[in-house]
Amino acid sequence: MAAERYNHRETEPKWQSYWTDNRSFEAKEDYSKPKYYVLEMFPYPSGRIHMGHVRNYTMGDVIARFRRACGFNVLHPMGWDAFGMPAENAAIERGIHPKTWTYENIATMRRQLKSMGLAIDWSREFATCDPSYYKHEQAMFIDFMKAGLVERRVSMVNWDPVDQTVLANEQVIDGKGWRSGAVVEKRELAQWFLTITDYAEDLLGALDGLTTWPEKVRLMQKNWIGRSEGMTFTFELEDAKGQKLDEGLTVYTTRHDTIFGASFCAVSADHPLAKGLSKTNPTLEGFRKEVAALGTSEENIERAEKRGCPLGVFARHPFLKNVKLPVYAANFVLMGYGEGAIFGCPGHDQRDWDFAHKYHLPIIPVVGPRDVEVSVSEGPYLEKDGVESVLVNSEFLDGLTVPQAKEEVAKRFEMAGLGKRTVNFRLRDWGVSRQRYWGCPIPVVHCPDCGIVPVPKSELPVQLPDDVKFDRPGNPLAHHATWKHVACPNCNTPATRETDTFDTFIDSSWYFARFTSPHDESPVNVEAAKYWLPVDQYIGGVEHAILHLLYSRFYSRAMHKTGHLNADEPFASLFTQGMVIHETFKTEAGEWVLPSDAIHKDGVWIHANTGEQLIVGGVEKMSKSKRNVVDPDTIIASYGADTARWFMLSDTPPERDIEWTEAGADGSWKFTQKIWRIINDIAELPKAEATMEVDGLALRRVAHRSIAAITDDLNNLRFNRSIARIYELSNAMVSALQLPNKPQDMIGALREAGNFLVIAMAPMMPHLAEECWRLLGHRASVVDTAWPQTIAALIEVDEVTIAIQVNGKRRDEILVSKDCDRGLLETRVLEMDSIKRLIGGKTVKKVIIVPDRIVNIVVAE
RNA sequence: GCGGGCGUGGCGUAAUGGUAGCCGCAACGGACUUAAAAUCCGUUUUUCGAAAGGAAGUGCCGGUUCGAGUCCGGCCGCCCGCACCA
């Protein structure tokens with residue numbers, strides 16, 4: 001009986017409505033049940049969803065549906081990371097208000113996500129640009145201020161000249177703005193900072209506890225935090241005439257053992273000492289300007305040579321009365337790290353060596369392999385670990401190992417009161433001020449009398465004005481005629497609002513907590529958060545390994561400190577999925593061509609319309625510029641959401657990049673039809689129970705083993721493997737269905753396998769599963785059906801095929817009962833003709849038996 | 001430069017130190033069909049052989065082991081992250 005084709009166009013909207021009407025996926029506020037919180041990184045509403053979203057949200061959805069079937073109270077929410085520059089760019093380029101643009105995009109993308117059939121609790125949806133969301137962000141900021149988590153200070157900032165705003169260090173990539181790509185400049189500005197550095201040690205140490213995070217991400221965070229142990233100590237300074245100066249020079253070093261190899265000191269061009277001396281030294285002033293102009297960016301790219309300018313002052317060596325080290329301003333010393341000043345030891349540091357070489361400074365080797373003359377003419381000796389490296393030319397340190405010498409120097413400095421042991425971090429405080437309109441207003445007022453005054457919580461939110469113009473660069477809030485003029489909340493005299501808005505990474509640093517109580521009057525309902533958090537499974541792109549994930553970890557701690565949460569780590573388990581990639585084509589002229597316009601003909605690729613021969617590009621991340629984007633809407637319309645979801649989960653492991661191919665999509669589509677045929681055939685069979693009689697037993701074994709394997713795979717996010725098991729099960733069912741005569745228990749086994757198949761595929765292809773489930777005669781929805789229980793007796797095997805090796809080479813195999821007696825097995829194997837022939841007259845030295853696996857006969861050669 | 005990851009059929013991939021290549025795609029052969037599509041069955045690592053049956057094989061070289069795709073060392077190649085952090 002030929003079944004009709006499965007029609008996704010009717011079925012998918014039907015079941016989506018069913019789930020909505022039945023509120024199938026609204027999380028229950030029943031805190032007595034075991035919970036499972038699965039979250040995918042929420043999208044920026046850029047316009048339309050792309051295949052990367054489809055992959056990301058499909059994975060999360062499979063987990064949500066699977067955990068739900070396993071009996072968990074599942075929270076799987078969705079929202080919008082809705083503040084940001086693209087909305088302002090749309091306003092500038094197309095005259096659309098950022099708010100209109102954003103909410104229109106949200107509407108489109110919400111519709112698209114819903115067409116995927118995601119098991120999301122839409123009742124918890126919010127956008128970070130909703131005043132009802134950012135109101136709480138402002139309230140928490142005020143709490144952070146009171147708790148000492150916020151500082152305002154003038155500092156050198158990274159200025160993006162295109163976006164006309166400040167960037168955090170994390171947002172500067174290769175010296176360029178992470179979004180605009182413009183070369184970043186240095187500027188001095190008063191900025192708001194969150195004191196993430198206070199948590200550096202904690203954020204680093206707690207990484208060890210995040211055992212189910214990818215090792216790679218933990219390592220990236222570790223390197224980013226960049227802990228180093230060393231010493232800060234102070235040199236006495238004197239001028240060219242030998243006159244002692246009032247101020248000393250404090251430096252940071254991790255190699256205080258090499259103090260006797262010091263031949264110069266260097267400070268950053270922005271160091272107060274250099275700044276002060278430049279007032280009377282035009283050459284120095286010129287040098288400072290030069291360095292500032294270059295910024296950090298060009299240098300990185302060019303690997304610029306080390307350059308410096310003498311300050312005309314000298315540092316007295318702390319242990320050698322007669323040695324005076326010239327002090328330079330140098331372009332390779334960073335003001336933002338340590339003290340912004342170093343002592344140079346050219347013999348044991350590449351940068352110092354380069355610098356010394358250029359300016360003909362002494363290069364004194366002070367560490368070397370034991371009993372070997374050290375030469376540093378070709379470059380510095382950098383080895384510092386192990387007992388083989390010892391100090392030389394270093395007075396009281398001679399003969400000590402590097403760690404011993406460090407200890408000795410540290411003691412002497414500490415005793416003399418010249419210095420102390422210091423731990424330094426690469427991590428900087430998080431600058432959060434942005435000179436933009438489309439962000440959360442920073443809730444403070446600047447009063448000429450009272451200074452900085454937080455806006456009282458009763459007056460929150462400080463709402464963005466709608467009437468803004470984007471007719472000139474800079475911050476529209478600052479240009480607004482009236483918005484910033486307010487009375488001081490303290491003294492009521494005329495004052496001005498802060499016109500900077502928050503870095504949008506703040507918005508995404510706590511949204512996962514807001515999802516636990518999205519309508520609460522406080523930022524987060526602590527009881528709800530206590531139940532739902534941490535997120536059990538967080539899924540997103542590895543591009544957020546540092547920024548978003550580190551900020552969120554810090555934010556949780558800050559919220560903990562201010563009583564908004566009671567846990568420090570927001571994400572118990574993290575998974576970073578790969579990208580969606582697609583083939584690319586170019587014309588001879590270098591113009592990108594849509595892959596759908598490329599035709600393979602007679603061994604070459606030609607353009608479908610022009611006939612022009614095309615160059616095959618790489619398989620690359622989908623991007624508009626390369627024209628290799630595939631629109632999810634088109635795919636869902638033609639193939640259906642289930643097919644698209646299935647494709648995203650098949651074949652490629654989730655952490656790797658997946659290549660979108662037409663052939664693969666066709667394959668997935670064919671499989672949906674195959675399932676439909678199988679289930680139709682089964683539905684036509686008479687009713688029967690699965691028994692332990694022999695006819696259906698083989699199929700029952702496959703079914704139960706498949707479920708066991710799929711359960712294990714889904715628990716470990718191995719979607720591709722679980723899909724391979726579903727194929728196996730369906731293949732076994734096709735074979736069984738083709739038998740001409742089916743005994744009762746075979747029919748029972750087929751019916752059971754049919755149920756298993758539908759439940760197992762339901763997390764991946766939920767619409768088809770619902771349709772099949774009804775066809776099999778069930779009343780309840782498959783989303784309300786529990787994951788199958790397997791029968792141990794059907795999973796265990798009673799016979800095993802054991803491979804027989806001779807000297808480690810597979811030669812034959814033997815079928816024996818499970819847990820076969822070792823002696824018996826050995827005897828049987830040694831009596832086999834094929835084995836006897838191979839052994840010949842040689843002596844059997846040993847027989848290794850791995851139960852139910854291998855017999856390895858070791859014979860003398 | 002520093003740190004990390006990955007190299008398996010034509011392709012995507014699978015394999016608690018224990019029979020390498022499950023499953024899928026593509027390809028080829030066959031069945032059904034007036035024909036095509038769809039579907040179903042079969043073959044498909046390479047090589048020698050008519051077959052039976054051999055031999056080789058997880059980037060390269062070596063090591064540990066009864067046994068290595070898997071563990072260790074050294075290369076080669078590709079990918080990613082950080083990058084003047086003293």
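The sequence lines fix the lettering, A, B, ..., with proteins before strands; numbering per chain opens at 1.
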Value rounded to 0.5 Å, distance of CG in A:L427 from CG in A:N223 =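 The CG atom of A:N223 is 12.5 Å from CG of A:L427, to the nearest 0.5 Å.
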Pick base, sugar-phosphate or nothing for [X], based on heavy-atom distances below 4.0 Å to the nucleic acid.
X      : result
A:Q673 : nothing
A:R811 : sugar-phosphate
A:V847 : nothing
A:Y252 : base

[M] and [N], which share atom name [atom1], separated by this distance in whole Å:
N     : M     : atom1 : answer
B:G9  : B:G5  : C1'   : 24 Å
B:C60 : B:U8  : C1'   : 15 Å
B:A20 : B:C76 : C1'   : 24 Å
B:G17 : B:C72 : P     : 12 Å
B:C25 : B:C40 : P     : 10 Å
B:A26 : B:U39 : P     : 10 Å
B:C71 : B:G18 : P     : 11 Å
B:G67 : B:U19 : P     : 15 Å

Take atom [atom1] of [X] and atom [atom2] of [N], then tell me their distance rounded to the nearest Å.
X      : N     : atom1 : atom2 : answer
A:D681 : B:C40 : CG    : P     : 11 Å
A:K222 : B:C2  : NZ    : C1'   : 13 Å
A:K674 : B:U39 : NZ    : C1'   : 10 Å
A:R837 : B:A52 : CZ    : C1'   : 11 Å
A:E662 : B:C25 : CD    : P     : 15 Å
A:W660 : B:C25 : CH2   : P     : 15 Å
A:K306 : B:A86 : NZ    : P     : 14 Å
A:N331 : B:A86 : CG    : P     : 17 Å

Cut-off 3.5 Å, side chains only: do [X] and [Y] have a donor facing an acceptor?
X      : Y      : value
A:D812 : A:S834 : yes
A:Q350 : A:D354 : yes
A:T254 : A:S228 : no
A:T197 : A:D429 : yes
A:N807 : A:K845 : no

Looking at [Y] and [X], is any side-chain nitrogen of the basic one under 4.0 Å from a carboxylate oxygen of the acidic one?
X      : Y      : result
A:D352 : A:K306 : no
A:R421 : A:E229 : no
A:K818 : A:E796 : no

query = Hey, is B:G9 sitting syn or anti, using the within-90° cutoff around 0?
reply =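 Syn conformation for B:G9.
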Can a side chain N or O of [X] be found less than 4.0 Å away from OP1 or OP2 on [N]?
X      : N     : answer
A:N731 : B:G24 : yes
A:K216 : B:C6  : no
A:Y337 : B:A86 : yes

Fit a plane to each ring of [X] and [Y], take the angle between them on a 0 to 90° scale, and name the class: parallel (under 30°), tilted (30 to 60°) or perpendicular (over 60°).
X      : Y      : value
A:Y328 : A:Y359 : tilted
A:F756 : A:H704 : perpendicular
A:F343 : A:F235 : perpendicular

query = Which of residues 257-273 of chain A sit near RNA chain B, with a heavy atom under 4.0 Å from it?
reply =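 None, since no heavy atom is under 4.0 Å.
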Candidates [options] - which lies nearest the side chain of [X]:
X      : options             : value
A:A663 : B:C66, B:C25, B:C82 : B:C25
A:E728 : B:A83, B:A86, B:C22 : B:C22
A:N223 : B:G3, B:A86, B:C41  : B:G3

note = B/S/- along nucleotides 9-21 of chain B (protein heavy atoms under 4.0 Å) is ---BSSSB-BB--
Taking pairing as Watson-Crick or G-U wobble with both contacts under 3.5 Å, can you name the mate of [N], or confirm there isn't one?
N     : result
B:G77 : B:C6
B:U39 : B:A31
B:C82 : B:G1
B:U13 : none
B:A52 : none

message = If you assign A:T253 and A:L838 each to the RNA chain B nucleotide with the nearest heavy atom, which residue ends up on the more 5' nucleotide?
response =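 In this pair, the answer is A:L838.
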inquiry  = By nearest heavy atom, map A:D666 and A:E215 onto RNA chain B; which one lands nearer the 5' end?
reply    =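 Looking at RNA chain B, the more 5' nearest nucleotide goes with A:E215.
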